[in-house]
Number of protein chains: 2
Amino acid sequence: MVQILLPVRAKCIPNALGQLSPPPAIKLKLKKKILIHDIAKHLDVSIATVSLVLNGKAKEKRISDSLAEKVLKYVEEVGYKPNQLAKSLRTGKTHVIGLVVEDIANPFFATVAALIEKKLLARGYRIIYCSTNGDTAKTRDLLTMFQERHVDGYILALPDGVESDVRTLVRSGKPLILFDRELAGVLANAVVVDGEKGMYEATQHLLEQGFTSVAMVTLQAGQAQMQARLQGYSQAMQEWQLPEMVLELEFQQEREQIIHQMQAFCQANPTCNALLFATNYLGVYGLEAVNGLGRRIPEDLAIVSFDDNDLFRLYSPSITVVAQPLEAMAESIISTLLSALEGSQETGRITQLQLAPQLIVRESSIRVPQKARPRASRTKT
Amino acid sequence: MVQILLPVRAKCIPNALGQLSPPPAIKLKLKKKILIHDIAKHLDVSIATVSLVLNGKAKEKRISDSLAEKVLKYVEEVGYKPNQLAKSLRTGKTHVIGLVVEDIANPFFATVAALIEKKLLARGYRIIYCSTNGDTAKTRDLLTMFQERHVDGYILALPDGVESDVRTLVRSGKPLILFDRELAGVLANAVVVDGEKGMYEATQHLLEQGFTSVAMVTLQAGQAQMQARLQGYSQAMQEWQLPEMVLELEFQQEREQIIHQMQAFCQANPTCNALLFATNYLGVYGLEAVNGLGRRIPEDLAIVSFDDNDLFRLYSPSITVVAQPLEAMAESIISTLLSALEGSQETGRITQLQLAPQLIVRESSIRVPQKARPRASRTKT
DNA sequence: CAAATATGCTAAAATGTTTAAGCAAATTTT
DNA sequence: AAAATTTGCTTAAACATTTTAGCATATTTG
């Protein structure tokens, strides 16, 4: 999807002040940044006093109320803001959280990131976020970068292959929480969704609707959560004693390739009358693939995808999904993180949470051959 | 859309080492962080020497090749990484860029952010990103936070109301670039899309298709780019001497409210047979609204939205859009920023770029009353 | 009234770098 | 052979804070 640069108007303004400025050395009155030293000098007190007052240790360190007030007043007046770099250097705290996801443009990660950001901001934390794009080397780079920047904590959804790096990170003692996916052999805080249960229920639902030839489309990745989703499908199929049909796609392929493989799979398995997609974007591509083949949903082919989004909700027919509890994930991640950050240093305690996804039945998986009403039917909680 | 917390499995592991650890004081062999001082001591040279070698100033400062090599080798061996906080404090550079958008969960911003991140990362820069949610006070907070964190540059898509803050920021001399929207009266680098042209062409297209009663759905915001989009619509309508119909929605409303107002608008204007949406998410909500009313697209109502996304591309019927050149935007933003960051300090030069959007005609705006083929027809460039 | 304690503040070390200035020794130039 | 320059490195200041330890003075206690 390469877009083309088409500048319609392009101004280049040589100098904001026009062309007649006589000497090139214009003294920009760059208001000299005010320091704690300046505050102290002006009030004729020591730097320490100002610092203590500003950090709320006036009482504790027996600074008189009158002086403390005077300091605060003057600080407010001149709008002094402590240099966070110096502060961090001294205290070892940056109040920055590192967030690593696979791809921030993916609605699932974007939404969770937005929720987390909102809640952490209120607690005085900032986040630095980065995408791994599933690349192990890049992930490793990002993790060391976060260490270098001295983030106070980590929120991570990582590709597999970086287990030992994460183990080292855990050992460093900084609060760390895995989400969306755990890492094999890494004992760390984690918040994940029970994909097995979700896919089991989705498969059951399809089978109960009478779709007997259900195939699963997933990724080859060794990631634990992917295997769980597949497992849920397998389980249900076995219970019904039906043969499993799985399309395992290679990771990090181009959109066109994926669609092509899906179409090939459908043509190679003409009896297949229902598709389960293991992720958000596989589902999106799947719709394109099915459209391209001219198959009708759900008459010719029923569809269920893991992970909800706008497209699935509004598509016609609307798409049945296994929705992840985004708010609850964000909430759990943050509370786990905060208790690790602000709690005492009992570093040995770890928390692992597995949340239940929710099957939202829509039109794409309903057997009735009669045209369904255009309004989506949605499960209530 | 409140999701409910349903923990299925919740482990709480008291201690990673089990329950029989005799004294509670386990000496975690926390490998003492290695400092430049340690390197110097071990090699029996001064700290300065090590620092100079590490910063590539060995030649310039006449450190002998043999010594330089020895330093590099040992640094590599012990895996020493300079403390970025100390470095930043000393040099005044953080190599961090602040990115502020309205909402990172919006696919437009998420995609641009992802592109920017990717390209800046390769140049050794990191980004801190935050969402304003259109809130002026929060935006102001974010901007001061970025200043406090000493970011090296700013990439901003801001709500109106923070003009003076941005002016101050510009005056501070840090590289700064506005995107998506300019700010009234703020002379700064900017990369925007020509919404007027885009909407003009979209309106023309609808009129040429024979939809004579075209309405525009937009936001009340005073933002320049919104007014431009409206202007493009007005222009076209005037040329055809047709009456304008505009629904101006208040900013920051709930989804349900917006949908409700759209539906009310449609019912109040039964003759209206085409809708233009000024943004991405208005378009999405618009589809829900139209669905809810049971109107068929495009038979009863043609639809065009500003800003493309998965939903519009895959929706059936596929939705005609005015697509923004995301790659080109990211590219322009970065090259402008980098030249400001790495170029000399000629701070007076500003660059303003306006890129052309692209009308992608799909099914939702084609007059033909016969059922269109399911495959989307797409303009080629 | 001496000793002990409380009060109100400050000096200075510490955080981990970069970099300007400088200093001997070696080499080259007059 | 003295003067000048080059070589190869080091000293120490600077960056902007926080925080421990401590110092007078004032108050309370025995």
Side-chain angles (χ1 to χ4, degrees), chain A residues 30-72 74-75 78-96 147-152, chain B residues 30-72 74-75 78-96 147-152:
Chain A
L30 270 183
K31 224 187 287 184
K32 185 74 170 55
K33 183 80 183 157
I34 188 163
L35 307 178
I36 195 171
H37 173 253
D38 303 323
I39 307 278
K41 198 174 231 166
H42 178 266
L43 295 175
D44 205 32
V45 296
S46 80
I47 289 182
T49 305
V50 179
S51 176
L52 291 172
V53 169
L54 286 176
N55 290 290
K57 304 201 174 161
K59 279 271 156 352
E60 180 188 334
K61 294 291 177 175
R62 301 183 306 248
I63 309 290
S64 66
D65 288 3
S66 63
L67 181 50
E69 219 170 290
K70 217 160 40 175
V71 170
L72 288 173
Y74 186 66
V75 162
V78 299
Y80 163 72
K81 294 268 190 293
N83 181 321
Q84 294 296 323
L85 287 172
K87 200 166 180 160
S88 296
L89 178 58
R90 183 56 235 256
T91 61
K93 300 253 162 281
T94 54
H95 274 188
V96 171
Q147 275 177 281
E148 284 176 10
R149 306 254 164 223
H150 295 253
V151 299
D152 284 352
Chain B
L30 269 184
K31 221 186 286 179
K32 185 72 171 55
K33 183 80 183 160
I34 189 161
L35 307 178
I36 195 172
H37 172 253
D38 303 323
I39 307 280
K41 197 172 229 169
H42 180 265
L43 295 175
D44 205 33
V45 295
S46 80
I47 288 181
T49 306
V50 179
S51 176
L52 292 171
V53 169
L54 286 176
N55 289 291
K57 303 200 173 159
K59 280 268 152 7
E60 181 189 335
K61 294 291 179 175
R62 301 182 308 244
I63 309 290
S64 67
D65 288 2
S66 63
L67 181 50
E69 219 169 293
K70 216 161 36 175
V71 170
L72 289 174
Y74 186 65
V75 162
V78 298
Y80 164 71
K81 295 267 190 295
N83 181 320
Q84 295 297 321
L85 287 172
K87 200 166 181 160
S88 295
L89 178 60
R90 183 57 233 258
T91 61
K93 300 252 160 283
T94 55
H95 273 185
V96 171
Q147 274 176 281
E148 283 176 11
R149 305 251 166 226
H150 294 252
V151 300
D152 284 352

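A note on names: the letters A, B, ... follow the listed sequences, proteins ahead of strands, and every chain is numbered from 1.
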note: A:K41, atom NZ; C:dT10, atom P; distance rounded to Å ~ 15 Å

Of all the heavy-atom pairs spanning A:K93 and A:D152, show the shortest one and how long it is.
CA-OD1, 3.6 Å

Would you please confirm or rule out a distance under 4.0 Å between OP1 or OP2 of D:dT18 and any side-chain N or O of A:N55?
yes

Out of curiosity, B:I39 CD1 to B:T49 OG1, how far, rounded to the nearest 0.5 Å?
12.5 Å

Nucleotide D:dT7, atom P - distance to NZ of B:K59 in whole Å:
12 Å

Atom of B:A68, atom of B:I63 and distance for their closest heavy-atom approach
N-CG2, 4.3 Å

CD of A:E60 versus P of C:dC9: gap in Å, rounded?
15 Å

With sequence neighbours left out, write down each residue that passes side chain to side chain contact (heavy atoms under 4.5 Å, CB included) with B:S51, or none if nothing qualifies.
B:I36, B:N55

Minimal non-hydrogen separation, B:T94 against A:R149, with atom names:
O-NH1, 2.7 Å

Remember a base hit wins even if backbone is also touched, and classify A:L89 as base, sugar-phosphate or nothing at under 4.0 Å, heavy atoms.
base

Is B:Y80 close enough to C:dT17 that one of its side-chain N or O atoms is under 4.0 Å from OP1 or OP2 there?
yes

Return the value, rounded to whole Å, for the distance between atom NZ of A:K81 and atom C1' of D:dA16.
16 Å

Nearest heavy-atom contact between A:S88 and B:L85 is CB-CD1, 3.8 Å

Between P on C:dT17 and NE2 on A:H150, what's the gap in Å once rounded to a whole number?
8 Å

note: A:K57, atom NZ; D:dA21, atom P; distance rounded to Å ~ 13 Å

Whole angstrom is fine here: how far is it from CD in B:E148 over to P in D:dC15?
20 Å

Taking the side chain as every heavy atom from C-beta outward, state whether B:V53 and B:K70 have any pair of such atoms under 4.5 Å apart.
no

Output a table of nitrogen or oxygen pairs between the protein and nucleotides 9-13 of chain D separated by less than 3.5 Å.
residue	atom	partner	partner atom	Å
D:dC9	OP2	B:S64	N	2.7
D:dC9	OP2	B:S64	OG	2.9
D:dT10	OP1	B:S46	N	3.2
D:dT10	OP2	B:S46	N	2.9
D:dT10	OP2	B:S46	OG	2.9
D:dT10	OP2	B:T49	OG1	2.4

Just the rounded figure in Å: distance from C1' of D:dT18 to CD1 of A:I36.
8 Å

Under 4.0 Å from OP1 or OP2 of D:dT18: is there any side-chain N or O of A:S51 that close?
yes

